[in-house]
Amino acid sequence: QVQLVESGGGSVQAGGSLRLSCAASGNTRSILFMGWFRQAPGKEREGVAAFYTRGTNTHYADSVKGRFTISHDNATNTLYLQMNSLKLEETAMYSCAAASRVYFGSSLSENAYNYWGPGTQVTVSS
């Protein structure tokens, strides 16, 4: 089992930055890749970024490329998401996810993941 806990959410003005963290514990050696997802009220959950923990490959949604950066600290088993130039429409609950099984589809698909954190709220205001 893997446990995930996010932190770093909050309120920020449009154009501002936030850094989210996701601390993983438990059987972290089983993790193959991790990702960040977000869900705005009334909308479906969408994949934002993914990181392959056994290498350095990353994958980003087109909407965040050039503004968001996903990274991982192997020593502390912590996943980060640096978010810059935030937009109003990016207000959402941001969740961390981890996958311990091979998945042949997109790493931005929620179906790829079998562990989820409770989420942290990000609110972008004008």
### Task
Give the C-alpha distance, both sets of side-chain angles, the deciding distance and a yes or no for side-chain contact (heavy atoms from CB on, under 4.5 Å) between Arg38 and Lys43.
CA-CA 10 Å; Arg38 63 187 179 191; Lys43 294 189 176 181; over 6 Å; no
### Query
Which is it for Val64 and Glu90 under the side-chain contact (heavy atoms from CB on, under 4.5 Å) test, yes or no, and what are the steps along the way?
CA-CA 10 Å; Val64 306; Glu90 294 180 314; 4.0 Å; yes
### Task
Carefully, step by step, assess Arg54 and Leu32 under the rule side-chain contact (heavy atoms from CB on, under 4.5 Å).
CA-CA 6 Å; Arg54 303 201 176 177; Leu32 299 178; 3.5 Å; yes
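Lys65 pairs by the salt bridge (charged side-chain N to carboxylate O under 4.0 Å, His left out) definition with Asp62, not counting sequence neighbours. Partners of Glu89 under the salt bridge (charged side-chain N to carboxylate O under 4.0 Å, His left out) rule, at least two apart in sequence or in another chain, do not exist in this structure. Here Tyr52 pairs with Phe33, Asn57, Ser107 under the side chain to side chain contact (heavy atoms under 4.5 Å, CB included) rule; sequence neighbours left out. Residues passing the ring pair (Phe, Tyr, Trp, His ring centres under 6.0 Å) test with Phe51 are His72, sequence neighbours excluded. Every side chain to side chain contact (heavy atoms under 4.5 Å, CB included) that Glu110 has, sequence neighbours left out, goes to Phe37, Arg45, Trp116.
Side chain to side chain, Asn114 and Ser100 meet the donor-acceptor criterion of an N or O pair below 3.5 Å. Asp73 and Thr78 share no donor-acceptor pair across their side chains, judged by distance under 3.5 Å alone.
Residue pairs meeting the ring pair (Phe, Tyr, Trp, His ring centres under 6.0 Å) criterion with at least one partner in residues 81-111, sequence neighbours excluded, are absent.
Within a 6.0 Å sphere centred on CZ of Arg101, other residues, nucleotides and ligands contribute more than 12 heavy atoms.
Distance check: Glu6 CD to Leu81 CG gives 11.0 Å after rounding to the nearest 0.5 Å. Atom CG in Leu88 sits 11.0 Å away from atom OG1 in Thr123 (nearest 0.5 Å). Rounding to the nearest 0.5 Å places CD of Gln13 at 8.0 Å from OG of Ser126. We find the OG-CH2 distance between Ser95 and Trp36 to be 8.5 Å, quoted to the nearest 0.5 Å. Atoms OH and CG, on Tyr115 and Asn27 in that order, are 7.0 Å from each other to the nearest 0.5 Å. Taken from SG in Cys96 to CG in Leu20, the straight-line distance is 9.5 Å, to the nearest 0.5 Å.
Annotation for Ala99 and Ala112: closest pair CB-O, 3.2 Å, computed over non-hydrogen atoms. Nearest heavy atom pair, residue Gly47 against residue Ala61, reads O-CB, 3.5 Å. In this structure, Ser30 and Val2 approach most closely via the heavy-atom pair OG-CG2, 3.9 Å.
Counting heavy atoms from C-beta outward, Arg19 and Met83 have side chains that stay 4.5 Å or more apart. When side chains are defined from C-beta on, His59 counts as touching Leu108, because their heavy atoms get closer than 4.5 Å.
Hydrophobic clustering keeps Met93 apart from Leu4 (ILVMFWY residues linked when any side-chain heavy atoms are closer than 4.5 Å, directly or through intermediates). Hydrophobic clustering keeps Tyr113 apart from Tyr60 (ILVMFWY residues linked when any side-chain heavy atoms are closer than 4.5 Å, directly or through intermediates).
Cys22 pairs with exactly one of Leu79, Thr120, Val5, Asn77 by the side-chain contact (heavy atoms from CB on, under 4.5 Å) rule, that one being Leu79.
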